Amino acid sequence: MTFTAAVSGASGYAGGEVLRLLMQHPQVEIGAVAAHSSAGQRLGSLQPHLHGLADRIITDSSLEQLAGHDIVVLALPHGASAEIAAQLPESTIVIDAAADHRLESAEAWEQFYGSAHAGTWPYGLPEMIVAPDGTRQRTRLAKASRIAIPGCYPTGSQLALAPLAAAGQIELQDIVIVAASGTSGAGRSLKPHLLAAEVMGGMSPYGVGGVHRHTPEIEQGLGWASGRSDVAVSFTPTLAPMPRGILTTATARIAEGAGAQSVRESLEEAYRDEPFIHLLPEGQWPTTQAVLGSNHVQIQAAVDARVGRVIVSCALDNLVKGTAGGAVQSMNIALGLPEQTGLTQQGVAP
């Protein structure tokens, strides 16, 4: 059976990555490629790597263009998805790659995004542990017609710490996460601080002091995993001089009675049967290069016994597992297809 898919936001980095992955999917036919300011242009002039779609003309993101597809992926800026999604029928699988439908708390949304909360959709991170008993988010994605794809930073942060939160291996009130991201995470619109001359040869923090919008999303996920509401995360993102990739370093106080062996056993148990999540052999640490262009994630952990903290390192491609790959993986589950369909590519090296 073949399903038709439309992509709105096709001229951006996330939209282009969704199209790249869907072109490799054996059961998806790409329909409308839509955008806003670039409507009327040839897709190949903006996404020159998508040779098979190069001659497609970008349409507007109107209901007329998006309706009638089995799947609609909205790779739009925050705040732009809800209005479009509300017009599409429940029979259409709508996948929102922006933040509009990720948070359960309207209060947290309004605090960090400054607009009205659009509601909450099933969270598109299938491997995520969402209860202390080990329940995975994939059970909530089966036959879903609305899916909210996680932020790229929360994907790495939650995959790193959720198994330990669920297993009671860490304390939840002193979690510190620092993550370095490639510049594509900021989208394709022109911003002076993302110019090559500003980025090359240096790194810089941003969103410092608990103000980054992904903070409540990370706390929400770790709250699901632990079954508790008192999770406190200090999150600091940094900008790295590379196009794509995220390297997350997450630390937390180790729980009483836990140790290096129990920490590793918790991660092994959580990800033993997950084809995209790889707990590396002891002594080998994740690198963004190893997962470039793939839906795979590398994880490693250590315990600093001197200060009583667990350190978990996680590497992923922010445009694949952090966005488009998560969308396709979740779409597969919603359609009843094998989860890895269209996502079998390995990382690219060097």
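Quantities reported herein were computed from a predicted structural model and do not represent experimental measurements.
Annotation: Asp273, atom CG; neighbour count of heavy atoms from other residues, nucleotides and ligands within 6.0 Å does not exceed 12.
Proximity of Arg102 to His214: side-chain heavy atoms (C-beta onward) are separated by under 4.5 Å at one or more points. Side-chain atoms of Ser313 and Pro286, non-hydrogen and from C-beta on, do get closer than 4.5 Å to each other. Counting heavy atoms from C-beta outward, Ile299 and Val312 have side chains that approach closer than 4.5 Å. Considering only heavy atoms from C-beta on, His212 comes within 4.5 Å of Pro237 through its side chain.
A donor-acceptor pair is defined here as one N or O able to donate and one able to accept, closer than 3.5 Å; no such pair exists between the side chain of Ser38 and the backbone of Ala35.
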- prompt: Can Ser294 and Phe276 be said to form a side-chain contact (heavy atoms from CB on, under 4.5 Å), step by step?
  reply: CA-CA 9 Å; Ser294 79; Phe276 294 122; over 6 Å; no
- request: Check step by step if side-chain contact (heavy atoms from CB on, under 4.5 Å) holds for Asp55 and Leu43.
  value: CA-CA 6 Å; Asp55 291 331; Leu43 183 65; over 6 Å; no
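Screening residues 276-288 for side-chain hydrogen bond (donor to acceptor under 3.5 Å, both in side chains) gives His278-His296 as the qualifying pairs, with residues at least two apart or on separate chains. Pairs engaging residues 298-307 under the side-chain hydrogen bond (donor to acceptor under 3.5 Å, both in side chains) rule: Arg264-Gln300 [sequence neighbours left out]. Applying the side-chain hydrogen bond (donor to acceptor under 3.5 Å, both in side chains) test to pairs two or more places apart or on separate chains, those with a residue in residues 148-169 are Tyr123-Gln158, Tyr153-Tyr206, Gln169-Ser262. For the side-chain hydrogen bond (donor to acceptor under 3.5 Å, both in side chains) condition, the pairs that include at least one residue of residues 74-89, sequence neighbours left out, are Ser81-Asp96.
Residues satisfying the side chain to side chain contact (heavy atoms under 4.5 Å, CB included) criterion with Arg309, sequence neighbours excluded, are Asp174, Val176, Thr251, Arg253, Val307. By the side chain to side chain contact (heavy atoms under 4.5 Å, CB included) test, Pro89 is found to be paired with Ser91, Thr92, residues two or more places apart in sequence or in another chain being considered. A search for side chain to side chain contact (heavy atoms under 4.5 Å, CB included) contacts involving Phe112 returns Arg213, Thr215, Pro216, not counting sequence neighbours.
Contact check on Glu219 versus Arg228 returns no salt bridge, with no Lys/Arg side-chain nitrogen under 4.0 Å from an Asp/Glu carboxylate oxygen. With salt bridges taken as basic N to acidic carboxylate O contacts below 4.0 Å, one links Glu17 and Arg244.
Val211 forms part of no hydrophobic cluster, judged by ILVMFWY side-chain heavy-atom separations under 4.5 Å. Grouping Ile, Leu, Val, Met, Phe, Trp and Tyr by side-chain contacts under 4.5 Å, direct or through others, puts Leu63 with Leu66, Val72, Leu74, Leu76, Ile84, Leu88, Val94, Trp121. The other members of the hydrophobic cluster of Leu292, by chain and number, are Val348 (side-chain heavy atoms under 4.5 Å, ILVMFWY only). Residue Val291 shares its hydrophobic cluster (ILVMFWY side chains chained together at separations under 4.5 Å) with no other residue.
For the atom pair OG of Ser234 and CD1 of Ile218, the computed distance is 10.0 Å after rounding to the nearest 0.5 Å.
If you check the side chains of Glu107 and Gln111, you find no donor sitting under 3.5 Å from an acceptor. Of the N and O atoms on the side chains of Thr2 and Gln27, not one donor lies less than 3.5 Å from an acceptor on the other residue.
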Check residues 325-337 and write down every donor-acceptor pair under 3.5 Å in which the side-chain atom is one partner and the other belongs to a residue at least two apart or another chain.
from	atom 1	to	atom 2	distance (Å)
Gln329	OE1	Asn295	ND2	3.0
Gln329	OE1	Lys321	NZ	2.8
Gln329	NE2	Glu127	OE2	2.8
Gln329	NE2	Glu339	OE2	2.8
Ser330	OG	Gly124	O	3.3
Ser330	OG	Gly326	O	2.9
Asn332	OD1	His25	NE2	2.8
Asn332	ND2	Val328	O	3.4
Asn332	ND2	Glu339	O	3.1
Asn332	ND2	Thr341	O	2.9

